[in-house]
Structure formats: C-alpha cells, structure tokens
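We count ligands from 1, going down the list as the structure has it; atoms in each ligand are counted the same way. As a basis for the values below, the full set of heavy atoms in this structure was taken, side chains included, without hydrogen atoms, waters or symmetry mates.
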Amino acid sequence: MGSFRVKGGAQLSGEIIPQGAKNEALQILCAVLLTSEEVLVHKIPAIRDVNKLIELLSDIGVRVEKKGPESYSFIAKNIKLGYLDTEEYLEKASSLRGSVMLLGPLLARFGKGRIAKPGGDKIGRRRMDTHFTGFQKLGARFHYDGKKGIYKIDGSKLRGSYMLLDEASVTGTANIIMAASMAQGKTTIYNAACEPYIQQLCLMINRMGGKITGIGSNLLHIEGVENLKGTSHTLLPDMIEIGSFIGLAAMTQSEITIKDARVYKLGLIPETFQRLGIKLEIRGDDIYIPSQKLYEIETFIDGSILTVSDAIWPGFTPDLLSIVLVVATQAKGTVLIHQKMFESRLFFVDKLIDMGAQIILCDPHRATVIGLARKYPLKAIRMTSPDIRAGVALLIAALSSDGTSVIDNVEQIDRGYQYIDQRLNALGADIVRFD
Ligand SMILES: CC(=O)N[C@H]1[C@@H](OP(=O)(O)OP(=O)(O)OC[C@H]2O[C@@H](n3ccc(=O)[nH]c3=O)[C@H](O)[C@@H]2O)O[C@H](CO)[C@@H](O)[C@@H]1O
Ligand SMILES: C=C(OP(=O)(O)O)C(=O)O
C-alpha cells in the first residue's frame, strides 16, 4: 500500500496543465473495439484505471502501440472472444468501473459480452440495471450468474428501439450508445446522460461513420450502421482535475494558472467555486486563481445558507463535492453539501473533523460545513484515502495544514490523478511517496 508524507503550509505557485479526462478516456478506450481499423487516441492520462484498461484491451487481442507520451494506436482486428470467459479476464475487468463499457462495443460487433461485477469507488450502491435494460431493449439476452457474480449478454442481431432510461447513468448511456451504433435501425434514448464525456464519445462515433444526433441533450437518436471505421480522437482536459486544482489553490492560498482548461466545457464548475468566494479569472482558455487570504461563501438571495448539491449534467458533478467540502472548511461562512447520488461518499469528513474542521454530518447524504475563516489551520494527522475524490480532498487538507500528515492507500488517488505528487511538487508542494 502506497502512502504520501505531506508537509503542509506552503503556498504553491505556477502553471499546471490538466491531464486528459479519466472518465472520457475509459469510454473512448472501450470504443476502439467498435472497429477493426486503427484508432489513434491522444492525451491519454497515465493513471491506474486507464493503464489497467489498456492492458485488458491488449489481453483481449487489441494491438496497442504507444505513439507518443500521451498518444496510443489501437487496432481491434483479431479479438480473442474465448478470453472473455476466462477467470483472468473476469478478475482483471472487475478491478475497475470503466471496464463495464466493454460490453456495449463487444455486443455491437461480436454479439457477446461478459463482465464480473465491476469495481470502482465504494461510494454507495452502484447498480447497473440501466445498462442491461438498455441492452435487452435492443434485443440482447441477459443472464446474471448470481453464484459467480458474472453478467452475460448475448445477441447477434441487435435491433434499434425506443427507450426511456430509468436514470441518466453515465456509463450506462455510453454502453447503450455503443451497442446501438451498429444495431439494425433507429434507436432513441430519452433521459440519456449528456456529460462532456458522452458528447465526446458520440462525436468520435460520428467521425467513425456513425449517425448520432441530439448530442449534448438527453434525447439521442442513433441510426445503426453496418460498420464503423478508424479515426483519431483527443480527450478533453479532465474537468474534475481542474476543479480539484481550483480548490487546492484556494485552500493553500496559492497563485495558480490552470492552462488550456477548455473553459466553455466546464459547465457549472467555475461558478460553483466562485459561490464559495474564490476569485477566478478566465484568461483566454486558462484559469488564473490569485492567492487569496480569505474567501467568503455566498448565501442565497434571500440570505439563507448556500447549498451545493450534485445533479446529472449539466448540473454540478458529484465527483467534485468532496473537493468543495474541504475547501469550505477554511472559508468564511457556512454551506450545506448535499451529495444526492451516492450514499457513502461523505463519511471521509470524520478525518477532516479530526483535523479540526467544523462539520456536522447530518445524514449520509448531507454535511454542514462551518468555515474556520483561517482562524486556525487544520492539524496534521495520519489518514487513509477511502476513495479517489475523498483522497484528493484529504491531500488538499494536508497541504493546507500545520505540520506533516501521512495519507495511506494513495492507490485510490492514483486511479485518477496522473503523477499528482510530482506535479504538485513542481509548484512548490512537499509530498513524498513511500511504501
Ligand atoms: C467511470 C465513470 O465514468 N464514472 C463516473 C460515472 O459512474 P457511473 O456511470 O457508474 O454512475 P451512474 O451515472 O450510473 O450513477 C451514479 C449514481 O447516481 C445515481 N443516479 C444516477 C442518475 C440519475 O438520474 N439518478 C441517480 O440517482 C445512480 O443510482 C448511482 O448511484 O458517473 C458518475 C456520476 O456522474 C461519476 O460519479 C463517476 O465518476
Ligand atoms: C467515482 C469515480 O470513479 P469510478 O466511477 O471509476 O469509481 C470518480 O471518478 O470520482
């Protein structure tokens, strides 16, 4: 188990370039299976989940070639379908959430998909009914082997269909889009998720010869085509990393410029941090965050306490609520954090409380943060990173604290943040990785 020793208290400064988006990368990498031709993907982040998925693709038979520091070529010509039934595949695939999206393209092209219960963060129930109901609507047969925990999907002739999703699941929508892209006839997906990740996937499929309209909305029309061809694709900067850097800058009173942030793709993210009182300047496509001694949380117009809650896109992403929460601990004012989607994502606040933060966990979904207005810094402690975003929130807390903290289980952070220790040290942080 890896750990970080973090010496807090330093003000950071400089420029940082966000990595390619983790959640987009996981979709795009699965989509390379939709064609036997070459797909080039640029700005692939070197993070654990992505590396594992690339390895899995290679195990399935995809020819993978590294073309540059962040660029890869994929050719899914000779796929070993038998491998999908092996213990090794099922075990490897179940170690990350994104692998669930192998099902859609495998089904579209080969009529067969297998997966064991996928991993990812343990942040509450993470059901997959939407994925399977969608596949069934396209005519696939679905079988769940409860004893082995294996989901099996078969269906050689998928047919387009109308479907109203019971929830706008991100990976579920991506899976259904990929399956429908080569089904016979037209598919309509209503209540589709429309995160930038999904928009990027649809644009890529259209470049491959697919016919998807309604991109960016929750009503997608997909005209199935017989074959898809090769393409090249560049991932967007990771909006969750960008939000994390904004929070980090505010908490540590640092002056940071986030380069090439594709600001117009960030939805409510900049505005939500601004509502916490954090000053941001959009300079071209960069975000400049000045060093700020104090930031004051806004209230609602009627003077009532601000609530920051998650919602499906274009609402505020649940993946940044842990960061908003930690940043609020040193703000002036009070905020209610309402994590609607996941029921076990706020429990990490007990570590922040140990550090001296004033937080009341109202129930598993809601926490009230009473900002300390920097009257005193958080205390350094030893803590364990429970999930990827809580892990980074704790790292931010440790960097702002008085003294040296230790964060264990940083593999969670490595799932989604590329070389985070080295990149933050380049800005003046003092983070040492050890086993
Ligand atoms: C690999 C990947 O891309 N992971 C992301 C993806 O996970 P993932 O695709 O697994 O998450 P889903 O969108 O399926 O659902 C997330 C949670 O929200 C609930 N839910 C979802 C939609 C809805 O309309 N109502 C509702 O209550 C679900 O029951 C579930 O508990 O999307 C999540 C929600 O943005 C992000 O946190 C994850 O980082
Ligand atoms: C919850 C997340 O990831 P995953 O879906 O891969 O667990 C996340 O990125 O915040």
Side-chain angles (χ1 to χ4, degrees), residues 19-31 45 47-53 93-104 115 117-134 164-178 189-201 218 235-236 238-244 267-269 309-325 338-346 348 364-365 385-393 411-418 420:
Q19 69 187 26
K22 158 186 168 272
N23 288 346
E24 181 187 339
L26 298 170
Q27 300 190 5
I28 297 300
L29 289 173
C30 293
I47 53 178
R48 268 171 87 89
D49 277 20
V50 162
N51 294 340
K52 279 187 187 174
L53 189 55
S94 70
S95 72
L96 71 153
R97 186 83 193 157
S99 61
V100 68
M101 292 178 290
L102 293 169
L103 289 175
I115 204 94
K117 204 172 181 331
D121 275 341
K122 305 285 175 272
I123 46 185
R125 285 174 297 160
R126 303 193 70 175
R127 65 190 181 90
M128 298 202 302
D129 304 52
T130 313
H131 301 236
F132 300 125
T133 312
L164 169 56
L165 304 188
D166 66 336
E167 60 176 30
S169 164
V170 175
T171 50
T173 302
N175 241 339
I176 299 166
I177 290 170
M178 289 190 272
I189 312 176
Y190 193 22
N191 197 25
C194 59
E195 271 71 6
Y197 320 130
I198 300 276
Q199 299 176 31
Q200 287 284 97
L201 174 70
N218 68 350
L235 302 173
L236 286 175
D238 195 313
M239 62 181 186
I240 314 299
E241 214 193 42
I242 292 170
S244 308
L268 286 172
I269 293 172
S309 55
D310 57 340
I312 55 166
W313 193 267
F316 188 68
T317 166
D319 295 347
L320 276 173
L321 275 185
S322 306
I323 313 294
V324 168
L325 188 151
H338 192 167
Q339 170 69 254
K340 294 182 181 169
M341 290 195 198
F342 297 104
E343 60 234 9
S344 315
R345 223 174 184 180
L346 291 183
F348 80 103
H365 287 277
S385 162
D387 70 69
I388 173 177
R389 308 302 169 191
V392 167
E411 286 77 9
Q412 277 295 343
I413 301 178
D414 292 335
R415 285 210 306 117
Y417 293 82
Q418 169 172 291
I420 192 71

As an exercise, identify every atom of ligand 2 less than 4.0 angstrom from a heavy atom of [X].
X	answer
Ile388	8 (C), 10 (O)
Arg126	4 (P), 5 (O), 7 (O)
Asp319	8 (C), 9 (O), 10 (O)

Taking [X] for its side chain and [Y] for its backbone only, find out whether a donor-acceptor pair lies under 3.5 Å.
X	Y	result
Glu195	Val170	no
Gln199	Cys194	yes
Glu343	Arg125	yes
Ser309	His338	no
Gln19	Gly416	yes
Asp310	Lys340	yes

In the protein, which heavy atom is nearest to atom 3 (O) of ligand 2, and how far is it? Lys22 NZ, 2.8 Å

Specify the protein heavy atom at minimum distance from atom 1 (C) of ligand 2: its residue, its atom name, and the distance to 0.1 Å. Arg345 NH2, 3.3 Å

Protein residues that have a heavy atom under 4.0 Å from any atom of ligand 1, sorted by chain and number: Asn23, Leu26, Arg97, Arg125, Arg126, Glu167, Ala168, Ser169, Val170, Thr171, Ile312, Pro318, Asp319, Met341, Phe342, Arg345

Is the shortest heavy-atom distance from the side chain of Leu321 to the side chain of Arg345 under 4.5 Å? no

Just so I know, are the side chains of Tyr197 and Met239 near enough to count as touching, which here means a heavy-atom distance under 4.5 Å? yes

If you measure from atom 8 (C) of ligand 2 to every heavy atom of Met341, Arg97, Arg389, which option wins on shortest distance? Arg389

Decide salt bridge (charged side-chain N to carboxylate O under 4.0 Å, His left out) for Arg415 and Asp49; before the verdict, give the C-alpha distance in whole Å, the side-chain angles of both, and the deciding distance to 0.1 Å. CA-CA 5 Å; Arg415 285 210 306 117; Asp49 277 20; 2.5 Å; yes

